[in-house]
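Remarks on the structure that follows.
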Amino acid sequence: MKTVVLKFGGTSVGTVDRIKKVCKIIAFYKNNKNRVVVVASAMSGVTNELVNKSKLISNNFDKAEYDALVSTGEQVSCALIAGRLKNNGFKSRSWTSWQLPILTDGPHSSARICSVGIKELNKYIKFGGIPVITGFQGVSNDFRITTIGRSGSDATAIMLAKFIKADECIIYTDVDGVYTTDPRQYKKAKKIKKIFYDEMLEMASLGSKVMQPTSVQDAKLNKIDIKVKSSFVAKSGTLITASKKIFSNQIITGISSTKNDAKITIVGVRDRPGVAASIFRPLSKNLINVDMVVQNISQNGKETDLTFTIKSEDLKKTERLIKKNKSISYKKLSFDKDLSKVSIIGVGMITTPGITYRMFQALASKKINILVISTSEIKISVLISSKNVKKAVAVLHKEFKLD
Ligand code: ASP
Ligand code: MG
């Protein structure tokens, strides 16, 4: 008998009708002789509403109360699911995370799950029950409710799968898998059958919103295979795995793109040890996320140019911080908005030479200018003008035979 963890996201439980539909999926697994554990998010929109209310009450809302507040949406959806399952003749009950308990470490609103109490859970499953567990939350060692970051129910499902030693962890969502690129932007995007954790991590943090990056990290660290499927249509999904046995002649697995990037260049910075740290110190203090960073080798050993990217909404603030930074001297500042980062991702590039050239050549063939380049072992990113993103994705999708 297999044990499966089924996780349903906000849109999958977004209405009473959707919850009824989800209960049919749960029933399917149960009737096929599986042990079933359910994890659910709040009904879509509910968590956002709660966050907004906290802002209306106080612009410095207490962090512990924030978690107590925003975690309530999950209790509602779990009770509704369990209630429906009972109505349909199944043995089921809801479980909030402090009841298990799901213990967490770390600060409020971005805690991490460190252990899951499984004793009661195992007993209940053994006797045929279907536990329905609140995602996204836990309890700290001083017994306060914690949450584990927006979209964190994925991580709850993954950690439950780990602690109850599940055979499968299936994330039900509103898309039927992970695509080679955003299917809404590019019609020839194809569903990926299998993707490695590292590739998924890059895809997730580079703008493909199927899964929360920290959850993928949890899956990787704990070697939990994840299937991503749709609760709306019955279709095969995507497997996220570590298995090295995948046979594929595909070098690039996917292409992702970002929106609203901005670029700042500081020209003629006096080059001395510690200058980069002096530039970025105030940005980090103000929680401005810096993405790509390029520093040129200085020609004369005295001055250098430094370019970096941030989100457009941080541009004004960044400009102000640099201008009032007395610890650096430079000749000129220049800014660019409406930029996007387009990345190709694939573990295949570790062993295949010439990928960089093919990417640049493909972009050149469409006369797309590259502003900044950055690479990692399994990813090459270029910064280009946002108006060229569609063209770039299309030409790269074709070049790397993903069409
Ligand atoms: N309900 C939470 C959120 O909206 C957690 C989740 O959806 O996974 O962020
Ligand atoms: Mg969600």
Side-chain angles (χ1 to χ4, degrees), residues 51 54-64 66 106-112 149-150 201-202 204-207 213-214 217 256-343 368-377 379-389:
V51 171
S54 77
K55 287 180 185 157
L56 293 174
I57 289 288
S58 159
N59 42 28
N60 197 11
F61 197 76
D62 183 80
K63 291 194 169 72
Y66 173 93
H108 279 289
S109 83
S110 57
R112 310 298 317 146
R150 294 304 305 270
L201 263 177
E202 293 284 3
S205 53
L206 291 172
T214 40
Q217 186 78 39
S256 63
S257 61
T258 60
K259 280 194 203 111
N260 301 328
D261 287 315
K263 171 171 84 62
I264 296 179
T265 299
I266 314 179
V267 181
V269 191
R270 273 271 299 286
D271 197 10
R272 53 163 181 82
V275 70
S278 314
I279 293 170
F280 292 118
R281 189 173 302 115
L283 305 189
S284 119
K285 270 200 187 135
N286 284 275
L287 302 177
I288 291 168
N289 209 356
V290 175
D291 184 19
M292 305 165 105
V293 182
V294 181
Q295 186 191 320
N296 252 336
I297 296 167
S298 55
Q299 290 282 355
N300 52 11
K302 286 186 193 128
E303 283 163 1
T304 181
D305 299 343
L306 192 115
T307 297
F308 60 92
T309 65
I310 50 169
K311 283 292 160 200
S312 293
E313 63 259 28
D314 291 330
L315 189 56
K316 282 253 144 62
K317 198 170 172 192
T318 306
E319 184 180 350
R320 238 184 300 123
L321 288 169
I322 293 177
K323 283 185 174 157
K324 75 172 204 216
N325 187 344
K326 291 278 168 342
S327 63
I328 51 172
S329 66
Y330 53 86
K331 288 196 174 127
K332 205 178 93 186
L333 264 185
S334 71
F335 306 92
D336 253 315
K337 282 194 305 194
D338 302 319
L339 304 176
S340 290
K341 186 169 78 166
V342 174
S343 309
I368 297 169
N369 191 33
I370 301 172
L371 302 168
V372 178
I373 301 164
S374 78
T375 63
S376 80
E377 253 195 329
K379 174 201 82 179
I380 307 171
S381 304
V382 294
L383 188 72
I384 62 175
S385 163
S386 293
K387 65 175 197 287
N388 287 327
V389 168

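- Atom CD of E377 is surrounded by 12 or fewer heavy atoms from other residues, nucleotides or ligands within 6.0 Å.
- Across all non-hydrogen atoms, the minimal contact from D261 to S312 is O-OG, 3.5 Å.
- Put simply, the side chain of T214 reaches to within 4.5 Å of the side chain of R112, judged on heavy atoms.
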* **From CA spacing to verdict: side chain to side chain contact (heavy atoms under 4.5 Å, CB included), D62, H108** => CA-CA 10 Å; D62 183 80; H108 279 289; over 6 Å; no
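- Atom-to-atom distance recorded for S284:OG and L321:CG is 10.5 Å, nearest 0.5 angstrom.
- Atom CG of L333 is surrounded by more than 12 heavy atoms from other residues, nucleotides or ligands within 6.0 Å.
- Heavy-atom minimum distance, K337 versus L315: CG-CD2, 3.3 Å.
- Once rounded to the nearest 0.5 Å, the distance linking OG of S343 with CD1 of I380 reads 9.5 Å.
- Neither side chain, S58 nor N60, offers a donor N or O lying under 3.5 Å from an acceptor on the other.
- Annotation for F335 and E319: closest pair CZ-CG, 3.1 Å, computed over non-hydrogen atoms.
- The CD1 atom of I264 sits 7.5 Å away from atom CG of L283, with the distance rounded to the nearest 0.5 Å.
- Across every non-hydrogen atom of Y66 and S54, the tightest pair is CD1-OG, 4.0 Å.
- We find the CD1-NZ distance between I288 and K311 to be 13.5 Å, quoted to the nearest 0.5 Å.
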* Asked: Which is it for L201 and Q217 under the side chain to side chain contact (heavy atoms under 4.5 Å, CB included) test, yes or no, and what are the steps along the way?
  -> CA-CA 7 Å; L201 263 177; Q217 186 78 39; 3.5 Å; yes
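- The CD1 atom of I322 lies 6.0 Å from the CD1 atom of I328; values are rounded to the nearest 0.5 Å.
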* Asked: Could you go step by step and tell me if Q295 and D271 meet the side chain to side chain contact (heavy atoms under 4.5 Å, CB included) rule?
  -> CA-CA 11 Å; Q295 186 191 320; D271 197 10; 4.2 Å; yes
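- In terms of heavy atoms, N325 sits closest to I279 at ND2-CA, 4.0 Å.
- Around CZ of R272, the count of heavy atoms belonging to other residues, nucleotides or ligands within 6.0 Å exceeds 12.
- Between atom NZ of residue K341 and atom CG of residue D291 there is a gap of 3.5 Å, rounded to the nearest 0.5 Å.
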* Begin with the C-alpha distance, continue with both residues' side-chain angles, and end with the deciding distance and a verdict on side chain to side chain contact (heavy atoms under 4.5 Å, CB included) for K379 and S256. => CA-CA 10 Å; K379 174 201 82 179; S256 63; over 6 Å; no
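- Of all heavy-atom pairs spanning I370 and I373, the tightest one is CG2-CG1, 3.6 Å.
- Side-chain atoms of E202 and S376, non-hydrogen and from C-beta on, do get closer than 4.5 Å to each other.
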Solution key, residues 302-309 side-chain donor-acceptor pairs under 3.5 Å, sequence neighbours excluded:
{"from": "E303", "atom 1": "OE1", "to": "K331", "atom 2": "NZ", "distance (Å)": "2.8"}
{"from": "E303", "atom 1": "OE2", "to": "K331", "atom 2": "NZ", "distance (Å)": "3.2"}
{"from": "T304", "atom 1": "OG1", "to": "N296", "atom 2": "O", "distance (Å)": "2.5"}
{"from": "D305", "atom 1": "OD1", "to": "G268", "atom 2": "N", "distance (Å)": "2.9"}
{"from": "T307", "atom 1": "OG1", "to": "T265", "atom 2": "OG1", "distance (Å)": "3.0"}
{"from": "T309", "atom 1": "OG1", "to": "M292", "atom 2": "N", "distance (Å)": "3.0"}

